[in-house]
Amino acid sequence: MPSPNYTPRPELDALVKDFDVTGNSQGYVGLSIMPLINTAVSSGEFPKIDANELMKRADTKRASRGSYNRIDTGFAQDNFVCTERGLEGAVDDSLAKIYASYLDAEVEVSNVVLGNLLLDQEIRIRDVVYAQTSNAVATPWSTYATATPRDNINDASETIRKRTGVKPNSIQMTLNKFRDILKCAELLDIAKFTGNILAMGIDAQKAVVSAFIGIPNIILAEAVENTSDEGQDFVGADIWVDTSAFLFVAGGTLQGGPKFGVTMDWTGDSAMNESYYEDQTRSTILRTRHWRDEKVQLTTAGWLLSSL
């Protein structure tokens, strides 16, 4: 049987790349925790700066007619190996013609294929986060009268700062857990002079909570996966659990500076759409694929809060 002729599909690439980065329709947050870093090779070593390099003290005093003191600045080395991942979807010739006046079958199938590819990526990043050391809070945030989410987050933030020299700038939690914070007595007592926080829009609520906990970037997860067996009715379940929140350093001005993690993306063969015709099924087969490695750079730049 002859091999099919693969045709690049650049007209779908823009759709894939935009959806890949945002994932808005699914509520994915994984790439906000471990953002994409383009790499020209599929595997290799890369430099990173750790806290020892950034925070060590040196003698800066210059003696008269003497030379300046000099420090040796180096980079720690880490490595990555991108793995190819991809999925295919079939566009039946007859069905494409039947529904042509309603939708572009190839675009719709491409969306479904990409959605499944990114769902798998979201779960992989979730598993990386939940593999970190768990730190239980004393009082669940759903115990509104006595919960202390600000103290819990501030204590965790101080731990990260002392371990890395950098304050965390992001926290990920579910929308349900965010709503628990809104109902906590300590927040309501402080926010009572700003109006009814429960009646505000989500952006205004995030601004109030951000100021309250001292973390500028609040990432709310709403993604759902189907947990039923193939062929059974849909059974939705949250990918990210309500009982955990992840505080972390998302990176800063230094590309190699302290951050929790990144997703290495091999650009030489990534986010590629292609198709081929399968004569025996009279279908155009669409394929979407990429090469990725979810890489933790600094475990101490993250703090997993649990028992929320």
Side-chain angles (χ1 to χ4, degrees), residues 21-35 122 125-126 129-130 132-164 166-224 238-252 258-261 300-308:
V21 171
T22 60
N24 286 334
S25 62
Q26 273 77 19
Y28 295 154
V29 300
L31 291 182
S32 295
I33 300 172
M34 305 183 77
E122 183 79 359
I125 294 176
R126 186 274 314 272
V129 170
Y130 287 167
Q132 306 307 303
T133 300
S134 179
N135 302 277
V137 301
T139 305
W141 295 354
S142 55
T143 308
Y144 307 133
T146 57
T148 56
R150 178 168 60 173
D151 287 344
N152 299 150
I153 294 170
N154 284 346
D155 290 345
S157 179
E158 276 296 286
T159 300
I160 292 176
R161 184 181 68 85
K162 289 177 180 177
R163 288 180 175 179
T164 66
V166 181
K167 288 190 66 175
N169 54 10
S170 300
I171 188 169
Q172 174 272 324
M173 67 185 75
T174 64
L175 179 60
N176 288 334
K177 192 49 53 179
F178 177 77
R179 288 168 174 161
D180 279 346
I181 295 179
L182 295 176
K183 299 175 186 177
C184 286
E186 67 169 353
L187 173 61
L188 292 176
D189 184 60
I190 294 172
K192 62 187 176 183
F193 300 108
T194 64
N196 184 358
I197 188 173
L198 298 178
M200 295 178 180
I202 187 65
D203 289 338
Q205 289 176 338
K206 287 174 72 174
V208 172
V209 174
S210 175
F212 175 66
I213 63 177
I215 303 298
N217 187 27
I218 298 176
I219 302 166
L220 301 181
E222 302 178 64
V224 172
D238 289 326
I239 294 176
W240 301 85
V241 299
D242 291 337
T243 53
S244 294
F246 189 58
L247 182 68
F248 64 101
V249 180
K259 62 175 70 69
F260 171 71
T300 53
W303 188 270
L304 184 63
L305 294 155
S306 61
S307 300
L308 303 184

(message) One pair to check against side-chain contact (heavy atoms from CB on, under 4.5 Å): I202 and L175. What are the steps and the verdict?
(response) CA-CA 10 Å; I202 187 65; L175 179 60; 4.2 Å; yes
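- The minimum heavy-atom distance linking Q205 with I197 is given by the pair NE2-O, 2.9 Å.
- In this structure, the side chain of N169 does not engage the main chain of K167 through any donor-acceptor pair within 3.5 Å.
- Note: I153 CD1 to I215 CD1 = 6.5 Å, rounded to the nearest 0.5 Å.
- With contacts defined as side-chain heavy-atom distances shorter than 4.5 Å, the pair V224/D238 qualifies.
- Rounded to the nearest 0.5 angstrom, R163 CZ and I160 CD1 are separated by 8.5 Å.
- Checking S142 against D180 by side-chain atom types alone, no donor-acceptor pair falls below 3.5 Å.
- Between N135 and T133 the shortest heavy-atom distance is ND2-O, 3.1 Å.
- With rounding to the nearest 0.5 angstrom, the CH2 atom of W303 is 10.0 Å from the OG atom of S134.
- Using a 4.5 Å cut-off on side-chain heavy atoms (C-beta onward), D242 and T174 make contact.
- Within the 3.5 Å criterion, the main-chain N or O of A245 finds no donor-acceptor partner in the side chain of K177.
- Side-chain contact between R161 and V166 is absent, with no heavy-atom pair separated by less than 4.5 Å.
- The heavy-atom pair separating F248 from Q172 by the smallest distance is CE2-N, 4.3 Å.
- Of all heavy-atom pairs spanning P35 and G261, the tightest one is CD-O, 3.5 Å.
- Contact between A147 and P140 at its shortest, heavy atoms only, is CB-O, 3.4 Å.
- Residues W240 and F246 fail the side-chain proximity criterion, which asks for heavy atoms closer than 4.5 Å.
- How far OG of S170 is from CD1 of I219: 4.5 Å, rounded to the nearest 0.5 Å.
- How far CZ of F260 is from OG1 of T164: 13.0 Å, rounded to the nearest 0.5 Å.
- Looking at V208 and L187, their side chains come closer than 4.5 Å, going by heavy atoms from C-beta outward.
- E122 places a side-chain N or O within donor-acceptor distance of the main-chain N or O of V29, the cut-off being under 3.5 Å.
- Under the 3.5 Å distance criterion, the side-chain polar atoms of Y130 are matched with a main-chain donor or acceptor of V241.
- Across K183 and Y144, no two heavy atoms sit closer than the pair O-CB, 3.4 Å.
- The shortest side-chain heavy-atom distance between Y28 and I125 does not fall under the 4.5 Å cut-off.
- Here the straight-line distance linking atom CG of L304 with atom CG of L247 works out to 10.0 Å at 0.5 Å rounding.
- Between I218 and I213, some side-chain heavy-atom pair lies under the 4.5 Å cut-off.
- Residues T148 and T139 have side chains not in contact (no heavy-atom distance under 4.5 Å, counting atoms from C-beta outward).
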(message) Using side-chain contact (heavy atoms from CB on, under 4.5 Å), reason through M173 and L308 one step at a time and then give a plain yes or no.
(response) CA-CA 10 Å; M173 67 185 75; L308 303 184; 5.9 Å; no
